[in-house]
Amino acid sequence: MTATISNRRRGDVQRWSRTLIPTAREAPADATTISHRLLVRAGYIRALGAGIYDYLPLAHRVIRKVADIVRQEMNAAGASELLLPALLPIELYKETKRDVDYGPLLFRVEDRKSAIAALGPTHEEPITELMRAAVTSYKALPLNLYQIQTKFRDEARPRAGLLRCREFLMKDAYSFHMHVEGAGGLNEAYDAMYRAYTNVFTRCGLDFTAVEAESGPIGGSASHEFMVNADSGEDTILRCPESGYAANVEKCETGERPRGAFTEPPTGDLAEVHTPGMPTIDEVGKFMKVKPDRMLKTIVFQDASDAAPDAPARWIVAVVRGDHDVNEGKVKTLSGATKVALADPAAAKAAGFAVGYVSPRVVSAVPNTLLLIDADASHGGFWASGADKPDHHVKHFNWRREVGSALDDAGRVRVGDLRNAIVGDPSPRAPGATLVAQRGIEVGHIFKLGDKYSQAMGFLIPDETQQRRPVIMGCYGIGVSRTMAACVEQRHDDAGIRWPAPLAPYHVEIVLMKPEDEQHMSVATTLADALADAGIDVLIDDRPERPGVKFNDADLIGLPIRLTIGAKALEQGGIEAKRRDDSGKGEIVPTDKVVAWCVEQLG
RNA sequence: CGGGGUGUAGCGCAGCUUGGUUAGCGCGUUUGACUGGGGGUCAAAAGGUCGGCGGUUCGAAUCCGCCCACCCCGACCA
């Protein structure tokens, strides 16, 4: 006897009557999202609590297929799979202060000795703890380690079925390096992960977009999100149709926008208006009869660089149009500070800011203040603004008259890009092109971590020159269970799910019109066997149900191919074959050609 | 965490305002018959701590109080 190692996978064959697929005509009333409703109705998942789900056999098979593709691509990219605990001593998180930073999002459990453990929301700490003990030489690097594991996050508001859960399945990978550039460096691993992720989602049969996301501590394009394109997605991304540039709203740059000259004449005398108890732009605008796009929104930040803790606070005041959103990252960039944060309201008040009613005039009124003006807010014409005293606003704000010569001092006033990009903004990469919006669901995220965790946890090893240096890390996540739901959001119709072949729980459903007919059953099992030999997974609907029920359920669970075995087709020496994506009854395919037909359709 | 809402059979709902037979209806389930290519028809049946605890009352699904769970909008979301 010879042992063989086969790389040829034989398909699975299962009978509907022998597994658990509890389909339902109606979805539970509390399921509102499409993927949630369809996955429950089609018997894939059941809710057990808020953001907690049972994965029934069909769902488990889909999950496994996603995971297998992820594994293959990760392994091909040189990563190694391991498995870390989900139950983690809270002390680990104290080392990085994430027990506080992560806050209530971190699930905590108490053991019999009253010790607190965390249920891992992500595994930077345990992997760094492992590496710190196991790797003591730069010669052991680079390394890329990953796991596919259940994660726990005590979400403030779990919602949308599998899209935002408290317990979910995630692939998380961590890479370790002594340097960023060059062979064996972080950038090399990051690029490899970018390619692997592109391969994964392509192989899953998903329509997706890789977008630039908020930069990590290393700067540059240090983070990408992989978004499944779906109109029902929660996230908005912006894309330049010309250059292919795409980014999320937090990150998206804009092309040069026209700016004001600060020489435009006033529109009238400065007029103060009493606006009691109106904290929002909308309310004030309605009260004063001024549209938000004619108001200046003035937000106080402080330079949070930890360079000189005793130095007097340095204030950064950002001004954007009332209908725009200020972007903290852009405030940081334009100010040149290494770190900025929203000003502490009490400290800002003490320094002389009328928080909530600030106007750009404070650049002269409060020492150590840098004024940043978004291009769209720098124009002339009518403006309303805060009045620098509580419960008051002013009309006819004029830049030159109100702010004066400070406008000409680049050390005190700068104009630039300060707000989130919006649809119609000029593209930053193609002159003349404008940004378009697109909805998506984030299913992957790759990130250059740098030395944040290795520093915090003391993971330093000597390099070639015997200098102890913190290890540089990258982290790379894929939401496995979320990918399943995102796929349903993207691929469904009124009748049910439409799985792409690579993720379908089974590739082919054989519908028996008369399961009690022995000849029909024999045709079905012979056919299923032949399909399995070709590597195809087969579900046989052998239930004694009426045809309508079975056809509707077939559409609902969404397998790519339906083969119907009934007297009519058999008399013609064939089987009725239909793709899920096609309407109608399908075509009669000669019985001996069915396997080849299926293989061809499944591509 | 703020605002709104819902808990009655596996699922979808009515009943509650105005307390009073044995708590109903549709779907589903079980049994039988007929039927047999897109959720069929008839007959019979099973299935309920009315979210929980306490209170008011002769009597509570219904009124009152406290608690719990879940959903939606917002805040939040490495």
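Chain naming here is simple, since letters A, B, ... match the order of the sequence lines and numbering starts at 1 in each. As the structure is a prediction and not an experimental result, all values here were calculated from the model.
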Determine which nucleotide pairs with [N], using a 3.5 Å limit on both distances of a Watson-Crick or G-U wobble pair.
N     : value
B:A9  : none
B:C77 : none
B:A45 : B:U29
B:U57 : none
B:C66 : B:G52
B:A14 : none
B:A23 : none

Counting the atoms with a prime plus P, OP1 and OP2 as sugar-phosphate, which does [X] contact under 4.0 Å by heavy atoms, base, sugar-phosphate, or nothing?
X        : result
A:Arg157 : base
A:Ala50  : sugar-phosphate
A:Asp101 : nothing
A:Glu576 : base
A:Ala27  : sugar-phosphate

For the [atom1] atoms, the ones on [N] and on [M], what distance do you get once it is rounded to whole angstrom?
N     : M     : atom1 : value
B:G7  : B:C13 : C1'   : 13 Å
B:G15 : B:C25 : P     : 15 Å
B:C77 : B:U30 : C1'   : 48 Å
B:A69 : B:U56 : P     : 27 Å
B:C16 : B:C76 : C1'   : 37 Å
B:C66 : B:G4  : P     : 16 Å
B:C27 : B:C58 : P     : 43 Å
B:A14 : B:U31 : C1'   : 29 Å

TODO: Using the closest heavy atom to pick a nucleotide of RNA chain B for each, name whichever of A:Glu234 or A:Thr33 lands nearer the 5' end.
DONE: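 Result of the comparison: A:Thr33.
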TODO: With RNA chain B as reference, determine whether A:Arg46 or A:Arg153 sits nearer its 5' end, using the nearest nucleotide of each.
DONE: A:Arg46
Task: CD-OG1 distance between A:Gln572 and A:Thr591, expressed to the nearest 0.5 angstrom - done: 10.5 Å
- [ ] Before accepting this row, confirm whether a basic side-chain N of the pair A:Arg37/A:Glu26 lies closer than 4.0 Å to the acidic partner's carboxylate O.
- [x] no
Task: Between A:His36 and A:Tyr53, ring centroids under 6.0 Å - done: yes
Task: Check: A:Tyr194 ring centre within less than 6.0 Å of A:Phe226 ring centre - done: yes
Task: Nearest atoms (heavy-atom pairs only) where A:Leu238 meets A:Cys252 - done: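 Scanning both residues, the minimum pair turns out to be CB-SG, 3.8 Å.
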Task: A:Ile561 to A:Trp597 - nearest heavy-atom pair and separation - done: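 That would be CG2-CZ3, 3.8 Å.
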Task: Nucleotide range of RNA chain B lying under 4.0 Å from chain A heavy atoms - done: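 Listed 5' to 3', the contact boundaries are B:C11 to B:A78.
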TODO: Determine the interplanar angle of the A:Phe201 and A:Phe208 rings, folded into 0 to 90°, and report it as parallel if under 30°, tilted if 30 to 60°, perpendicular if over 60°.
DONE: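 Tilted.
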Task: Side-chain touch A:Val443/A:Met227, heavy atoms, less than 4.5 angstrom - done: no
